Amino acid sequence: MIRFFSLLFLASIAVGCKDSQATLTQINGKQIAITDSLKGDEAILEYIAPYRQRIDEEMGAVLAYAPTSLSKSEGPYNTAIGNMMADAVYELSNPVFKKRTGKEIDAVLLNHGGIRSTLNAGDVTMRTAFDIMPFENSVVVVELSSDQIKEMFSYLESGKAHPISNMQIILDQDEKLKSTTINGKPVEEGKTYFVATNDYLQQGGDRMTFFSKPVSMEVLDYKIRTILVDYFKAKDTIAPVRDDRFIQE
Amino acid sequence: MIRRTFIKQTGIATAAISALPSFDLFAETKKTKTITILHTNDVHSHIDPFSPEDALHPNQGGVARRLTLVEAIRKENPNTLLLDAGDIFQGTPYFNFYGGELEFKLMSLLKYDAATIGNHDFDNGVGGLAAQMPNASFKMLSANYDFTNTTMEGLTKPYEVFIKDGIKIGVFGLGIQLEGLVTKALSKETEYLDPVEIAQDMSRILKEEEQCDLVICLSHLGYDYKFDKISDIKLAEKTRNIDLIIGGHTHTFLDKPVIVNNADGVEVLVNQVGWAGINLGRIDFTFNLDGSISNNARTITV
């Protein structure tokens, strides 16, 4: 497709007093795909090699197996890969939190943007965990008031598939909140809840401002990526599914 | 409004003239210069190509291949600039292991001319970015981040003027609002300034004071948003004197560069090439050097 446009080059007046009277007359734009039809520059490949070697030594370890590829783009509301991440945070953080505080995590909320790659079918390796979660973010558990929990649900009304665990959101036909539950029950006025998230979101990332001023906060010193690695190690097969935790009726 | 109508009508008139065969004969005798702009965005530490098993981009990308392509284009036209629109860091273990050292060293080996700063370039803190700056031989351009009282102070420039074959090319950098994207603990005292106001200043300085023939904005604002947030498209509409906006942040794959009318009704090219270095953008600007030519028409082919 070629589009053809012409117009006066207004700035020609401005460059008029210069030695060379350069007038922009033609612009051609395109995009070139970087594929295997291009041979990699040898000097660059050699330069990268020692850096790659050290990484490969640690990244190759096979932790589990995935029968199908998982992508965060598979639909609105909830995705298999997001459900896996939020469930992994719930399963692995709760024992740590309980041991430290004697209390239980009620729910988990991460962010859709924090899923940084697809999980490819085949061997799930250390590299998979780095690809999905390259960030160094750690789990924090915030104690939120019932009002803050309601703010959280209002935020989630947007329908974006932010990973959640142990809560359920149902939107009506107009994409408005119809029903919400946390730890299996509707929000109780005056009660506080323990929500696991990461330090990035707690500090205002993705404008999750309901996390900003929690009643209390426990930093678990447990990186999300380490949670994924531990989760992969504990499971032979990684095959999460989309479910009804966040749906539109 | 009167001026805009005039431009439109003139545009139609010149289009008709340039479609005549006599114009082509005329073109053969005129002296021209071509500047090639190559660009990447959101490479996110993707130094190696994606694996052949990758579900979305199998066997695509790779820095070594990118150099092969860039060198071939430089051979074809030595008057080439190589630019990056930010988010150089974060996305593969290369960043976790080496903190951006290899990314900057490779961009220097590829002879990048300039880059701007993306939100993920703060992922090891403003100090982590500053620590890697000695590995960058390219200019780090940022006009709307005020780094006063941070370790990045003095390590960036708002703009740079490149001269290729006598053509003056002004390039300035714009970053995205940090609040909600980069925590205070990482950005420290970095201040975000209004990109539209800054872009107005920059384009005026580059066009009028520096007398640039070409003005390029390297932007990490994002291509376009459904909600009210400044984007490359909005920036193009609200400003003047910018010829090309090279964007990033939203990892947008475009079928072709997009043409937007600016505040003067002049066309601006907006481009972005996805992410992870799987594409290279190429924009060729051809200049006519005979100032006496009355037919000052600009043709955009995308």
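Model, not experiment: these values are computed from the prediction. We use all heavy atoms of the structure for the numbers below, so side chains are in, but hydrogens, waters and symmetry mates are not. Residue numbering restarts at 1 for every chain, and letters A, B, ... go by the order of the sequence lines.
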Any donor-acceptor N or O pair under 3.5 Å, side chains Glu53(B), Asn120(A): no
Most chain A-contacting option - heavy-atom pairs closer than 4.5 Å, from Asp123(B), Leu38(B), Asp255(B), Asp54(B): Asp54(B)
Please list every donor-acceptor pair under 3.5 Å in which a side-chain atom of residues 102-110 of chain B meets a protein atom from a residue at least two apart or in another chain.
| residue | atom | partner | partner atom | Å |
| --- | --- | --- | --- | --- |
| Glu103(B) | OE2 | Ser45(B) | OG | 2.6 |
| Lys105(B) | NZ | Tyr51(A) | OH | 3.4 |
| Lys105(B) | NZ | Glu101(B) | OE2 | 2.8 |
| Ser108(B) | OG | Phe104(B) | O | 2.9 |
| Ser108(B) | OG | Asn135(B) | O | 2.9 |
| Ser108(B) | OG | Ser137(B) | N | 2.9 |
| Ser108(B) | OG | Ser137(B) | OG | 3.4 |

Proximity breakdown for Lys30(A) and chain B, heavy-atom pairs closer than 4.5 Å: both
Chain B contacts, top residue of Asp131(A), Ile32(A), Leu38(A) (heavy-atom pairs, under 4.5 Å): Ile32(A)
No-hydrogen, no-angle side-chain donor-acceptor test under 3.5 Å, Thr35(A) and Ser37(A): yes
Tyr200(A) ring center near Phe135(A) ring center (under 6.0 Å): no
Salt bridge Arg204(B)-Glu209(B), side-chain N to carboxylate O under 4.0 Å: yes
Per-residue contact mode, His120(B) against chain A (heavy atom under 4.5 angstrom): side chain
From Asn279(B) atom CG to Phe253(B) atom CZ, the distance as rounded to the nearest 0.5 Å: 6.0 Å
Which of Thr34(B), Leu280(B), Ile283(B), Val63(B) touches chain A most, by non-hydrogen pairs under 4.5 Å: Leu280(B)
Residue, of Glu42(A), Arg54(A), Met208(A), that accumulates the most heavy atom pairs under 4.5 Å with chain B: Arg54(A)
Residue Pro93(B) versus chain A: region with a heavy atom under 4.5 Å: both
Side chain, backbone, both or neither of Phe50(B) within contact of chain A (heavy atoms, under 4.5 Å): neither
Pairs of heavy atoms under 4.5 Å with chain B: top-ranked of Arg52(A), Lys39(A), Glu136(A), Met59(A): Arg52(A)
Side-chain (Asp123(A)) to main-chain (Thr125(A)) donor-acceptor, under 3.5 angstrom: no
Under the side-chain contact (heavy atoms from CB on, under 4.5 Å) test, residues paired with Pro50(A) that sit two or more places apart: none
Region of Leu178(B) that comes under 4.5 Å of a non-hydrogen atom in chain A: neither
Residue pair Thr118(A) / Ala55(B): nearest heavy atoms and the distance that separates them: OG1-CB, 4.4 Å
Segment of Glu58(A) engaging chain B (4.5 angstrom heavy-atom cut-off): side chain
Engaged part of Leu254(B) at the chain A interface, taking heavy atoms whose separation is under 4.5 Å: backbone
Euclidean distance, Ile238(A) CD1 relative to Leu119(A) CG, rounded to 0.5 Å: 7.5 Å
Interchain contact, Asp48(B) with chain A, by part (heavy-atom threshold 4.5 Å): side chain
Contact winner vs chain A - Gly61(B), Gly274(B), Gly281(B), heavy-atom pairs under 4.5 Å: Gly61(B)
Heavy-atom contact with chain A under 4.5 Å, split by part of Tyr98(B): side chain
Side chain / backbone / both / neither for Asn59(B) at chain A, heavy atoms under 4.5 Å: both
Ser216(A)-Glu143(A) side chain donor-acceptor pair, cut-off 3.5 Å: yes
Part of His44(B) lying under 4.5 Å from any heavy atom of chain A: side chain
Atom group of Arg127(A) that falls short of 4.5 Å from chain B, counting heavy atoms: side chain
Most chain A-contacting option - heavy-atom pairs closer than 4.5 Å, from Asn96(B), Leu67(B), Thr92(B), Val182(B): Asn96(B)
Best-contacting candidate, Arg66(B), Glu179(B), Lys184(B), against chain A by heavy atom pairs under 4.5 angstrom: Glu179(B)
Residue from Asp264(B), Asp243(B), Asp213(B) passing salt bridge (Lys or Arg N to Asp or Glu O under 4.0 Å) with Lys207(B): Asp243(B)
Proximal component of His46(B), with respect to chain A [non-hydrogen, under 4.5 Å]: neither
Per-residue contact mode, Leu269(B) against chain A (heavy atom under 4.5 angstrom): side chain
Over all atoms of both residues, closest heavy-atom pair of Leu144(A) and Val215(A): C-CG2, 4.3 Å
